[in-house]
Number of protein chains: 2
Amino acid sequence: MPPRGRRPVGSSDTRQEILTAAGELFAERGFERTTMRAVAARADVDPALIHHYFVNKEGLLAAALVLPVDPAALLAGLDKDPEHAGEALVGRLLGVWEGDPDARHRMVGLLRVGLSHERAAAGLRDLLGRTILIALSRVVAQDHRSLRAALVGSQMGGLLLGRYVLGIPGVRDATPGQLVVAIGPVLQHYLTGPVGGAVAPATASR
Amino acid sequence: MPPRGRRPVGSSDTRQEILTAAGELFAERGFERTTMRAVAARADVDPALIHHYFVNKEGLLAAALVLPVDPAALLAGLDKDPEHAGEALVGRLLGVWEGDPDARHRMVGLLRVGLSHERAAAGLRDLLGRTILIALSRVVAQDHRSLRAALVGSQMGGLLLGRYVLGIPGVRDATPGQLVVAIGPVLQHYLTGPVGGAVAPATASR
DNA sequence: CGACCAATGCAACGCTTGATGAATTCTGCG
DNA sequence: CGCAGAATTCATCAAGCGTTGCATTGGTCG
């Protein structure tokens, strides 16, 4: 129905609309089940236009892959009360996920995509490494920073997985309060407790 | 090349070969990227034969979805030394995953498929619930059994995710020994520690 | 031996998918 | 104004997908 050529200027930021649509669909359905045509339809645009902007489906994925929450904001002020940083962290994360379904879906989508697509896994790894690790640096104990951050991430990832994706009854039906009590001390342990004494000797090459 | 009709009896268990091939491929590539033709090729069989046995691609998935390890064996004897069950459990799991790449791939595949496919998520949920929860019952404290089991599962799932799927450096490069020291006490906490006092009041309906 | 069913292979259908090349319209610069 | 280039749509392609109908062979039971 729309005329064929270029739109009058400033009528819309098409590129951004495509990215938004793609982000939503990748999150909902994962990489494979998201079709270019579906993205185009949601962005109200011709499929060929996506190729014009992002070359590939992979290019589109790479461009649409962004963290749905700001880790810095999530961690702000946690170092004021280092003794209870663990509980506070679980509480905040659960607060976001419970209160902001959109952010939750995007986060689940990141997992979904990262798990289904090797290239996305790499992107996700970098994304998490560059943001979360840095943001955690101020809260975490001095030694084994990378390991500590990853352990925190693994526990929260596991929770996300069990509660929102797989829907394992035990964690799906727990209240946020219960989870804070149960998991808070764990994150606290990862943040400041002992995690494996000496650095691993270089038994493995590479 | 092979003749057209039925094979002489007992010459091979074709059905099982299809299931094996399907299990491997689903684990490697997830549901969508596993094609019937690929399964057929790996099982050295005609694609139509898969439909003959399993009707659907979904039917094939349902039939191929099995736990690659025996949870009972994994947990056997843990109740002899309840104080160190957490460490022992991490150690055993890491032992299996490090020492038996095939079992690891299958486990990762379960995650992959469960994450990519709603129907598989349900199957996986039941599978885990029926086996792991029951097997854990003897090790875990009396109260909040379901929650405790799910917490243990979420932490181990998160580890699997971070170490073997996403490859987050902090946990990817840690030695099994380090991980046992770091995560053991956490599982111990989930198994026998306090996890949220009273059962949640029925604030939420349904 | 004949009837019937299970197991297997062949060929094909209809559909969807990601991608491409050309045509059209608008913008911005000289 | 004229013209290069960006933005947009259209029509179409080749490949791959899950699935189906049919033919053929072997086993089983009367």
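Numbered from 1 within each chain, the chains take letters A, B, ... in sequence-line order. The shown structure was predicted, so the numbers you read here are calculated from the model rather than taken from an experiment.
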For DNA chain C, which residues in residues 36-51 of chain B have a heavy atom at a distance below 4.0 Å?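 Heavy-atom contacts with DNA chain C come from B:Arg37, B:Val45, B:Asp46, B:Ala48, B:Leu49.
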What residues in residues 54-65 of chain B put a non-hydrogen atom under 4.0 Å from any atom of DNA chain C?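 Contacts with DNA chain C under 4.0 Å: none.
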Between [atom1] of [X] and [atom2] of [Y], what distance do you get to the nearest 0.5 Å?
X: B:Gln178; Y: A:Leu151; atom1: CD; atom2: CG; result: 9.5 Å
X: B:Gln188; Y: B:Leu89; atom1: CD; atom2: CG; result: 9.5 Å
X: A:Ile183; Y: A:His189; atom1: CD1; atom2: NE2; result: 14.0 Å
X: B:Leu166; Y: A:Asp126; atom1: CG; atom2: CG; result: 11.5 Å
X: B:Phe26; Y: B:Leu65; atom1: CZ; atom2: CG; result: 9.0 Å

Side-chain donor/acceptor pairs under 3.5 Å, residues 38-49 of chain B, sequence neighbours excluded:
unit_1	atom_1	unit_2	atom_2	d
B:Arg42	NH1	B:Glu24	OE1	2.6
B:Arg42	NH1	B:Glu28	OE2	3.3
B:Asp46	OD1	B:Ala48	N	2.8

Just the rounded figure in Å: distance from [atom2] of [N] to [atom1] of [X].
X: B:Arg15; N: C:dT8; atom1: CZ; atom2: P; result: 12 Å
X: A:Arg33; N: D:dG16; atom1: CZ; atom2: C1'; result: 18 Å
X: B:Ile18; N: C:dA7; atom1: CD1; atom2: C1'; result: 10 Å

Excluding sequence neighbours, so at least two apart, what forms ring-ring contact (aromatic ring centres under 6.0 Å, His included) with B:Tyr164?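 Expected list: B:Trp97.
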Below 4.0 Å: OP1/OP2 of C:dT8 and any side-chain N or O of B:Tyr53: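 Looking at the OP1 and OP2 atoms of C:dT8, one of them is under 4.0 Å from a side-chain N or O of B:Tyr53.
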Kindly say if A:Thr14 contacts the phosphate of D:dA7, meaning a side-chain N or O under 4.0 Å from OP1 or OP2.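 No, A:Thr14 has no side-chain N/O under 4.0 Å of OP1/OP2 on D:dA7.
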When the C1' atoms of the five terminal pairs at each end define the local axes, what inter-axis angle does the helix from C:dC1-D:dG30 to C:dG30-D:dC1 show, to 10 degrees?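 For the helix from C:dC1-D:dG30 to C:dG30-D:dC1, the axes at either end differ by 0°.
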Using modelled atom types only, decide if a donor and an acceptor are shared between the side chain of B:His105 and the backbone of B:Pro101 within a distance under 3.5 Å.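 Such a contact is found between B:His105 side chain and B:Pro101 backbone.
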As a test of understanding, state which of B:Arg104, B:Arg163, B:Arg92 forms a salt bridge (charged side-chain N to carboxylate O under 4.0 Å, His left out) with B:Glu98.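 The option that passes is B:Arg163.
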Can you list everything that forms a salt bridge (charged side-chain N to carboxylate O under 4.0 Å, His left out) with B:Glu118? Sequence neighbours excluded, please.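 Scan of B:Glu118 (salt bridge (charged side-chain N to carboxylate O under 4.0 Å, His left out), adjacent residues dropped) gives none.
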